[in-house]
Structure formats: structure tokens, C-alpha cells
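Just below is one structure, and these are the notes that go with it.
As a basis for the values below, the full set of heavy atoms in this structure was taken, side chains included, without hydrogen atoms, waters or symmetry mates.
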Amino acid sequence: MEIKLSVIVPVYNVEKYIKRCLDSLLAQTYRNLEIILVDDGSTDKSGLICDDYARKDCRIQVIHKKNGGIVSARKVGILYATGEYTTNVDPDDWIEPEAYETMVERLNEYSTDIVAMGYKKEYTDFVEECWGGMPDGYYLRDTFWNIFHDRVDKAAFFCQPVDMSLCNKVIRTELWKKHQLACPDKLKKNVDDAVIFPCLLDMKSIYVEAKFFYHYCVRKTSILWETKNQDYKCFLELSRHLILSLRNNNVKNKLDETFLLYKILYHMILDVPERLISADRCMIYPQIMPKSNIIVYGKGVFANRLMNRIKEMEYCNIVENVDKFDVEKLRGISNEQYDYIVVAIFNSSIVTETIRFLIKFGIPESKVCYMDKKNMRIDALPFEIKGMWGWL
């Protein structure tokens, strides 16, 4: 029988984008879909738009609920899912027509728990294909984690050979339900990581392939770009959840703790970078001293959060902010005007390419500063998480 695929779309105040998202779902060449729209108490016209689409296509059902956040919306969605497999699409993103047909072909061929593909990150001026570098193919769990960790170990700093996004994956519904329902409701950011990481630990098998159907649209008004007072509490809750996921799963003896340490530091750097910068020390870039003059290379979420924290703390002076599209600005800045160019990028392969480019561009290697793996140690963690680390 043809596989039925449930598609969960958590919706909250996205009236500008939701039609594009839903049109991309209705344009899928694979037709056996169950599209579950969870309106999480929208105060704009998002809910009405969802209802209008449901009247047009019987595969769409709309659930209206009080606002509770994305975790609660996805929990409602997974409880309504009746397909053998489930996937997620965020309402401000879209997906190419052949996506689900291709993924279901892999499910029919391999009967795996998860199919994972890449995704495209859409910025205002360009589109970036995102792929962690795991070789294409079918893997049993232990083999997957052995290769995964080997790639983490060989990378310059942080890498995810398979990313922790829900949207570019199809997951067996019962597996997703188990870990979605266990996800803490209070999480507002990084909610995909809290589900995908335990799913990857708990699965029997996975198929990975470097194809790029999902379009993640980068918006500076999204929650990832926001700074909130509860960010640190949410970071602690996510760290606790990830540590317990590893402790409670019998794959933990196969998986070195290195990746989990990097993963927690990754979220710390992204969400609460002020915790890594004290009055006299920057743990992630120890070369940078108070009152140093720096150029920040990168304009993503991390670079922006880092610059905001540096300015708030008046830790050092930011001479300029550049990326690959305006790097020519560097020609107008003499070496004496700055101490370091800080590469504020996470992806280790992009960091490596950037360092080579800057050196070739004429920047002295001694002035190029990046997040080195050797600086990512347990002693950089807050004391609350150091206590949790002892659970492993």
C-alpha cells in the first residue's frame, strides 16, 4: 500500500508567508498527504487563511488552539497524525514539488526510520545549500554514529554531519511522537534539536542523501534573532534535555561525549554568548583582549548576537563587519587599524574556506581568529551544566 505521509505545519502570525508555504505543499507530486495546520492562537489572519485552504483541499485539517509556543503546537500536530511517517514544514518556509515523492521512494526501498536530506538557506541576496557531509546511503544506528563521530572528531570545530532540523526529514510517526511529547514545552528556540537528537539516538536505521528540496527562509524578525530574558533558562533546559537523552539511551557507549559538548557550547555561543565573555576573558576567542580592535567576519545570527554582546559589555572595539559579499571593504583598512579578524561562523568547512580566502586576500594569518576546538572544553560550561555532566 502507498505510504501515507503526515505533514505538520505549526502556524503563528505568519499571514505574509503562509500562502507560499501551503501552495508548495499542494504542489507536491506525491499526493498521499495528510496536512495538519496547527494555528497556535494567531492574532493576525493566519488562522483564517488556513481555514480557507482547508475548504479547498480535503487533505488539509486545521486545529485552532490557545497560544502555547511551537513545542505545544507540534505536540498537538503529532497527536493528530495518522500517517506511518511524519514531517514538518515551518509556515514561513516552502518546499520543492518533488520533495516528498523522492523521500517516499527511499522509504519504500529501505523501510528506514528516518530519511534525512539537506536544505537550502534563503537569504535576501543569495541561497546557500546546507549539508553536513555525511556520505549518502543507508545506515544502521551504530554504524551511523561511528561515522558521525569520526567526522566530528576530524572537523576543525563544530560540525553536524547530519543537521538537527525537523523540516528536511521524514520520521516514523511513532518515533517522532515519543520524543516530541517528551520535549519540554518551555523551550522557545532550538526546539528541533530537542527532538531530532533523541530520535537519532533511538532509531534503528536512517537513510541520508545530499538533495536540497526544503527552503529555509532567513528572516531577522524570526525568534532566532531575538534576545529574551529567559534565554539562559531555556539554554539550561535544552542542555539538561540533551544530556538526559544521551544518558538514557543505550547508544551512549558508542557515542563519544565530544559531540554533545560541542552541541551544548554551540547553543551557548548562539543563545547566551555573554556567558562566554567576562570582563577580562573571551573563552571562544581567547586571543581577543579587552579593548582589542576587531573586524567581525560574518553576518548571520551568531555574528549579530556576538557583536551586540560585545557592544553591551564594551569588551572591545568593532572596527567593521564584513562578509564574503563586501569583503572589499578590507582593502581600505590598514593592518594597524585592527588586531584580529574574527570569523564568526559555525560551519567548520566554511570557516576553513574563509581562513584560506582571507590569507590569500592578504590578511596575515596571525590576525585571523576563529573558534578553535581546543578552546571548547568542559570548564567553559556554566556550573549548572557541569553538575549535569556528571550524570553521563
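Contact check for Y370 versus V342: no side-chain heavy atoms found under the 4.5 Å cut-off. You'll find the side chain of C316 reaches within 4.5 Å of the side chain of I310, heavy atoms only. Between L276 and M268, some side-chain heavy-atom pair lies under the 4.5 Å cut-off. No side-chain heavy atom of T143 sits less than 4.5 Å from a side-chain heavy atom of N146. Taking the side chain as every heavy atom from C-beta outward, L246 and L201 approach each other to under 4.5 Å. The side-chain heavy atoms of Y139 and M134, taken from C-beta on, include a pair separated by under 4.5 Å. I196 has its side chain out of reach of S165: every pair of non-hydrogen atoms, C-beta onward, lies at least 4.5 Å apart. I243 places a side-chain heavy atom less than 4.5 Å from the side chain of I264.
Atom CZ of R240 has 12 or fewer neighbouring heavy atoms from other residues, nucleotides or ligands inside a 6.0 Å radius.
For the pair K19 and Y53, the cation does not sit on the ring face, since its NZ or CZ is not both under 6.0 Å from the ring centre and inside 45° of the axis.
I363 and K367 make their closest contact through CG2-CB, 4.4 Å (heavy atoms, listed as atom of the first residue, atom of the second, distance). Residue S46 comes nearest to V11 through the heavy atom pair CB-CG1, 3.7 Å, listed as atom of the first residue, atom of the second, then distance. The shortest non-hydrogen separation linking C217 to R20 is SG-NH2, 3.4 Å. Scanning both residues, L187 and A194, for their nearest heavy atoms gives CD1-CB, 3.7 Å. Nearest heavy atoms, V343 versus V368: CG2-CG1, 4.0 Å. Scanning both residues, M203 and I114, for their nearest heavy atoms gives SD-CD1, 3.9 Å.
Salt bridge status for D231 with K188: absent, with no side-chain N to carboxylate O gap under 4.0 Å. A salt bridge does not link R172 with E174: every distance from a Lys NZ or Arg NE/NH1/NH2 to an Asp or Glu carboxylate oxygen is 4.0 Å or more. The residues R309 and E312 are annotated as salt-bridged, a charged nitrogen and a carboxylate oxygen being separated by less than 4.0 angstrom. K120 and E96 are joined by a salt bridge, as a carboxylate oxygen and a charged side-chain nitrogen come within less than 4.0 angstrom of each other. Salt-bridge annotation for K16 and D92: absent, with no side-chain N of the basic residue lying under 4.0 Å from a carboxylate O of the acidic one.
Checked by atom type and distance alone, the side chain of Q28 never pairs as donor or acceptor with a backbone atom of L25 at under 3.5 Å. The backbone N or O of I295 lies less than 3.5 Å from no partner atom in the side chain of N321, so there is not a single donor-acceptor pair. Remark: side-chain polar atoms of N13 are paired, donor with acceptor, to backbone N or O of D44 under 3.5 angstrom. Not a single donor-acceptor pair under 3.5 Å links the side chain of S245 to the backbone N or O of P198. Distance alone, capped at 3.5 Å, is enough to place a donor-acceptor pair between the T354 side chain and the I350 backbone. Proximity of a side-chain donor or acceptor of Y30 to a complementary backbone N or O of M103 within less than 3.5 Å is not detected. Distance alone, capped at 3.5 Å, is enough to place a donor-acceptor pair between the N248 side chain and the L244 backbone. Remark: the backbone N or O of K45 is paired with a side-chain donor or acceptor of E15 at under 3.5 angstrom. Under the 3.5 Å distance criterion, the side-chain polar atoms of R106 are left unmatched by any main-chain donor or acceptor of E209. Side-chain N or O atoms of S6 include none that pairs as donor or acceptor with a backbone N or O of T86 at under 3.5 Å.
Between the side chains of E98 and T29, no donor-acceptor pair is found at a separation under 3.5 Å. A side-chain N or O of D93 and one of Y214 form a donor-acceptor pair less than 3.5 Å apart. Using modelled atom types, one finds a donor on one side chain and an acceptor on the other under 3.5 Å when comparing E122 with W94. The closest side-chain donor-acceptor pair between E34 and T82 falls under 3.5 angstrom.
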Exercise. Should M117 and V170 be marked as a side chain to side chain contact (heavy atoms under 4.5 Å, CB included) after you check the CA-CA gap, both sets of side-chain angles, and the distance that decides it?
Worked result: CA-CA 9 Å; M117 296 192 173; V170 168; over 6 Å; no
For this session: Test salt bridge (Lys or Arg N to Asp or Glu O under 4.0 Å) on D326 and K299 and set out the steps.
Result: CA-CA 11 Å; D326 56 7; K299 293 187 177 180; 2.6 Å; yes
For this session: Show the numbers, then the answer: is there a ring-ring contact (aromatic ring centres under 6.0 Å, His included) between Y262 and Y266?
Result: CA-CA 6 Å; Y262 291 167; Y266 165 90; over 10 Å; no
For this session: For F325 and F126, run ring-ring contact (aromatic ring centres under 6.0 Å, His included): C-alpha distance rounded to whole Å, both residues' side-chain angles, the deciding distance at 0.1 Å, then the answer.
Result: CA-CA 10 Å; F325 295 101; F126 68 100; 4.6 Å; yes
For this session: Apply side chain to side chain contact (heavy atoms under 4.5 Å, CB included) to I8 and V76, showing your working.
Result: CA-CA 9 Å; I8 298 172; V76 170; over 6 Å; no
Exercise. Passes side chain to side chain contact (heavy atoms under 4.5 Å, CB included), V7 versus I36? Steps please.
Worked result: CA-CA 6 Å; V7 183; I36 304 168; over 6 Å; no
For this session: Using the ring-ring contact (aromatic ring centres under 6.0 Å, His included) rule, take F259 and F148 through it: C-alpha gap first, then chi angles, then the decisive distance, then the call.
Result: CA-CA 9 Å; F259 175 70; F148 187 102; 4.8 Å; yes
Problem set entry | Intermediate values then yes/no, side chain to side chain contact (heavy atoms under 4.5 Å, CB included), L200 and W145 | CA-CA 9 Å; L200 290 171; W145 278 113; 3.6 Å; yes
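Summarising the hydrophobic clusters (Ile, Leu, Val, Met, Phe, Trp, Tyr; side-chain heavy atoms under 4.5 Å, direct or chained), the residues clustered with V127 are none.
Aromatic ring centres of Y207 and Y138: separated by at least 6.0 Å.
Considering only residues two or more places apart in sequence or on other chains, E328 meets the side chain to side chain contact (heavy atoms under 4.5 Å, CB included) condition with R331, F361. Contacts of W176 classified as ring pair (Phe, Tyr, Trp, His ring centres under 6.0 Å), with partners at least two apart in sequence or in another chain: none.
I359 is connected to V351 through a chain of hydrophobic side-chain contacts under 4.5 Å among Ile, Leu, Val, Met, Phe, Trp and Tyr, so both are in one cluster. I284 and M289 fall into different hydrophobic clusters, defined by Ile, Leu, Val, Met, Phe, Trp and Tyr side-chain heavy atoms under 4.5 Å apart, directly or through other members. Tracing side-chain contacts under 4.5 Å through hydrophobic residues (I, L, V, M, F, W, Y), one never reaches L306 starting from Y338; they form parts of separate clusters. M307 and I341 are members of different hydrophobic clusters when ILVMFWY side chains are connected at heavy-atom separations under 4.5 Å. Residues V191 and L79 share a hydrophobic cluster, clusters being chains of Ile/Leu/Val/Met/Phe/Trp/Tyr side chains in contact below 4.5 Å.
Annotation: side chain to side chain donor-acceptor pair (under 3.5 Å) contacts involving residues 63-81, sequence neighbours excluded, comprise D39-H64, D40-K65, D40-N67, D51-H64, K65-S72, R74-N88, R74-D90, R74-D192, K75-D185.
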Using atom types as modelled, flag every donor-acceptor pair under 3.5 Å from a side chain in residues 151-161 to any protein atom, sequence neighbours excluded.
from : atom 1 : to   : atom 2 : distance (Å)
R151 : NH1    : G133 : O      : 3.1
K154 : NZ     : D150 : OD2    : 3.2
Q160 : OE1    : K263 : NZ     : 2.5

Donor-acceptor pairs under 3.5 angstrom involving side-chain atoms of residues 380-392: please list them, not counting sequence neighbours.
from : atom 1 : to   : atom 2 : distance (Å)
E384 : OE1    : Y232 : OH     : 2.9
E384 : OE2    : Y232 : OH     : 3.4
K386 : NZ     : D379 : O      : 3.4
W389 : NE1    : E257 : OE1    : 3.4

